[in-house]
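A short worksheet on the structure shown next.
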Amino acid sequence: MDVFPPTAGYHKQMAEEFKSGFVAIVGRPNAGKSTLVNKLVGEKVAIVTSRPQTTRNRIHGIVNRASAQVVLIDTPGLHRPDSALGKQMMGEVDAAMDAVDVLALIMDASEVVGQGDRRALERVSRFEGTRILLLNKIDRISREELLPLIQAATKLGDFSEIIPISALTGESVERTLETFIKYLPAGPPTFPSDQYTDQPERFLAAEIVREKAMASTTQEVPHAVAVLVDAFEETDKLIRIRATIYVEREGQKGILIGSKGSSLKKIGTEARKELEAILGTKIFLELYVKVLKDWRDNPQLVHQLDWRWQLDHLSSK
């Protein structure tokens, strides 16, 4: 007798043929990790901007197929941390690489392999499971360059597969998924078949607001932005969200608010519209901007940005 009911969409007779497991997507900042995860999932689970180091937490994107469930783990870009935030981000990468079935390193095929790439390759080489190399952004190079690029990539490390892709256009993305599935173990799914992420809606709301704030500013401001949801209240017809955008300097606050509040209004409007499209309901969004001096260097404050910590904190109240 089963004590716990089976995961929705899974049947015992599927056990021998069904594959399920975790794939960590790692790489340097702006290599295209979040774009790939969103493309594979078919839903927006991770925010994407042109700014490096946009992703700060591990984010799970769940891909369900008739004979497999692939849990993709989007990660912060690999870099040398110079702040408490950077150290936590690299801790997120380490956590993502712990006990996954497949590790996929994504590299920008349109750029020359540099020191940062070599550090990423060295970090990935320590993973003892299946390693796959994804050469992303092939839409930026000519077809004549592709074969020599793949041949050169074979010398970069011990990879089970090397796949040239374009996460932006979708080229070879389905092939990438099929390759992931090939190396996953047989077993039942971890999540219900209708679920595509494990992150709570209030964290997604904070991330969407941060995405719009980062996209609307320049220079140092985007990296100094953090967003916490202060209230998330659901009714049958409406979700009321109150969120605070934190920055490190008064000047950054002024830039985010803009003349007569114009910039903050634009951020709020864009975030509200996208959240309504994602969540399928009306959103009432209130945004505030506060200065929290040098928050990126404060480990206690940085820790609070982790949605897993936020959930534990909310459940303990």
Side-chain angles (χ1 to χ4, degrees), residues 19 21 23-55 59 61 63-68 70 72-79 93 96-97 100-125 127 129-184 211 215:
K19 287 193 167 187
V23 178
I25 312 292
V26 302
R28 292 183 60 199
N30 269 12
K33 298 178 295 298
S34 298
T35 301
L36 176 61
V37 170
N38 288 340
K39 184 72 75 172
L40 284 168
V41 174
E43 300 283 353
K44 186 170 183 175
V45 298
I47 64 172
V48 178
T49 76
S50 60
R51 319 292 184 187
Q53 300 174 20
T54 296
T55 301
I59 296 174
V63 184
N64 291 290
R65 293 292 186 267
S67 60
V70 185
L72 304 166
I73 307 177
D74 188 19
T75 63
L78 288 164
H79 67 283
V93 177
M97 293 173 64
V100 295
D101 302 287
V102 175
L103 181 63
L105 172 63
I106 187 167
M107 295 178 65
D108 188 338
S110 68
E111 294 186 354
V112 176
V113 175
Q115 192 60 39
D117 295 299
R118 299 194 185 283
R119 285 196 296 269
L121 286 161
E122 191 281 327
R123 177 69 186 85
V124 168
S125 70
F127 179 74
T130 300
R131 295 188 290 266
I132 295 172
L133 177 60
L134 304 176
L135 301 175
N136 190 30
K137 304 186 183 181
I138 60 170
D139 52 293
R140 296 185 178 183
I141 64 174
S142 67
R143 291 299 167 183
E144 290 75 18
E145 296 175 274
L146 192 54
L147 183 57
L149 185 68
I150 296 171
Q151 291 173 337
T154 61
K155 302 175 183 178
L156 293 177
D158 184 15
F159 293 96
S160 299
E161 307 266 358
I162 298 175
I163 309 174
I165 69 167
S166 172
L168 183 64
T169 67
E171 184 174 354
S172 293
V173 165
E174 191 63 28
R175 176 190 167 193
T176 299
L177 180 64
E178 292 169 358
T179 303
F180 290 161
I181 293 172
K182 180 171 76 171
Y183 290 101
L184 291 182
E211 178 186 61

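Because only heavy atoms are used, hydrogens play no part in the values below, and waters and symmetry mates are left out as well, while side chains stay in.
- Summarising the geometry, atom CD1 belonging to I163 is positioned 3.5 Å from atom OG1 belonging to T179; distances are rounded to the nearest 0.5 Å.
- Remark: D117 pairs with R28 by the salt bridge (Lys or Arg N to Asp or Glu O under 4.0 Å) rule, at least two apart or across chains.
- In this structure, CG in D139 is found 5.5 Å from CG in L168, a value given to the nearest 0.5 Å.
- The nearest pair of heavy atoms linking R175 to I162 is NH2-O, 4.2 Å.
- Under the rule for a salt bridge (Lys or Arg N to Asp or Glu O under 4.0 Å), the partners of E171 that lie at least two apart in sequence or sit in another chain are R143.
- Here L135 contributes atom CG and I141 contributes atom CD1; the two are 8.0 Å apart, rounded to the nearest 0.5 Å.
- Residue T130 comes nearest to F127 through the heavy atom pair O-CE2, 3.4 Å, listed as atom of the first residue, atom of the second, then distance.
- R65 meets the salt bridge (Lys or Arg N to Asp or Glu O under 4.0 Å) test with E174; sequence neighbours excluded.
- Across L103 and M97, no two heavy atoms sit closer than the pair CD2-CE, 3.6 Å.
- For E178, the side-chain hydrogen bond (donor to acceptor under 3.5 Å, both in side chains) test picks out no residue, with sequence neighbours left out.
- In this view, T54 and T49 satisfy the side-chain hydrogen bond (donor to acceptor under 3.5 Å, both in side chains) rule, not counting sequence neighbours.
- Looking at every heavy atom in both residues, L78 comes nearest to A120 through CD1-CB, 3.7 Å.
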Taking distance alone, no hydrogens or angles, what donor-acceptor pairs closer than 3.5 Å link side-chain atoms of residues 152-161 to residues at least two apart or in another chain?
from	atom 1	to	atom 2	distance (Å)
T154	OG1	Q151	O	2.5
E161	OE2	K182	NZ	2.6
E161	OE2	Y183	OH	2.8

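- Atoms OG and CG, from S172 and L177 in turn, are 12.5 Å apart once rounded to the nearest 0.5 Å.
- Listed by chain and residue number, K33, S34, V37, A46, T55, I59 satisfy the side-chain contact (heavy atoms from CB on, under 4.5 Å) test with D74 (two or more places apart in sequence, or in another chain).
- Between the side chain of N136 and the main chain of I106, no donor-acceptor pair closer than 3.5 Å is present.
- Under the rule for a side-chain hydrogen bond (donor to acceptor under 3.5 Å, both in side chains), K39 has no partner lying at least two apart in sequence or in another chain.
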One pair to check against side-chain contact (heavy atoms from CB on, under 4.5 Å): V63 and F180. What are the steps and the verdict?
CA-CA 11 Å; V63 184; F180 290 161; over 6 Å; no

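- Residues satisfying the side-chain hydrogen bond (donor to acceptor under 3.5 Å, both in side chains) criterion with R131, sequence neighbours excluded, are absent altogether.
- With rounding to the nearest 0.5 angstrom, the CG atom of L36 is 10.0 Å from the OG atom of S166.
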Show the numbers, then the answer: is there a side-chain contact (heavy atoms from CB on, under 4.5 Å) between I73 and V23?
CA-CA 6 Å; I73 307 177; V23 178; over 6 Å; no

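- Applying the salt bridge (Lys or Arg N to Asp or Glu O under 4.0 Å) definition to pairs two or more places apart or across chains, those involving residues 105-114 are D108-K137.
- Residues passing the side-chain contact (heavy atoms from CB on, under 4.5 Å) test with S142, sequence neighbours excluded: E144, E145.
- From L105, atom CG reaches atom CG of L134 across 7.5 Å, with rounding to the nearest 0.5 Å.
- When all heavy atoms of P29 and P52 are compared, the closest pair comes out as CB-CB, 3.8 Å.
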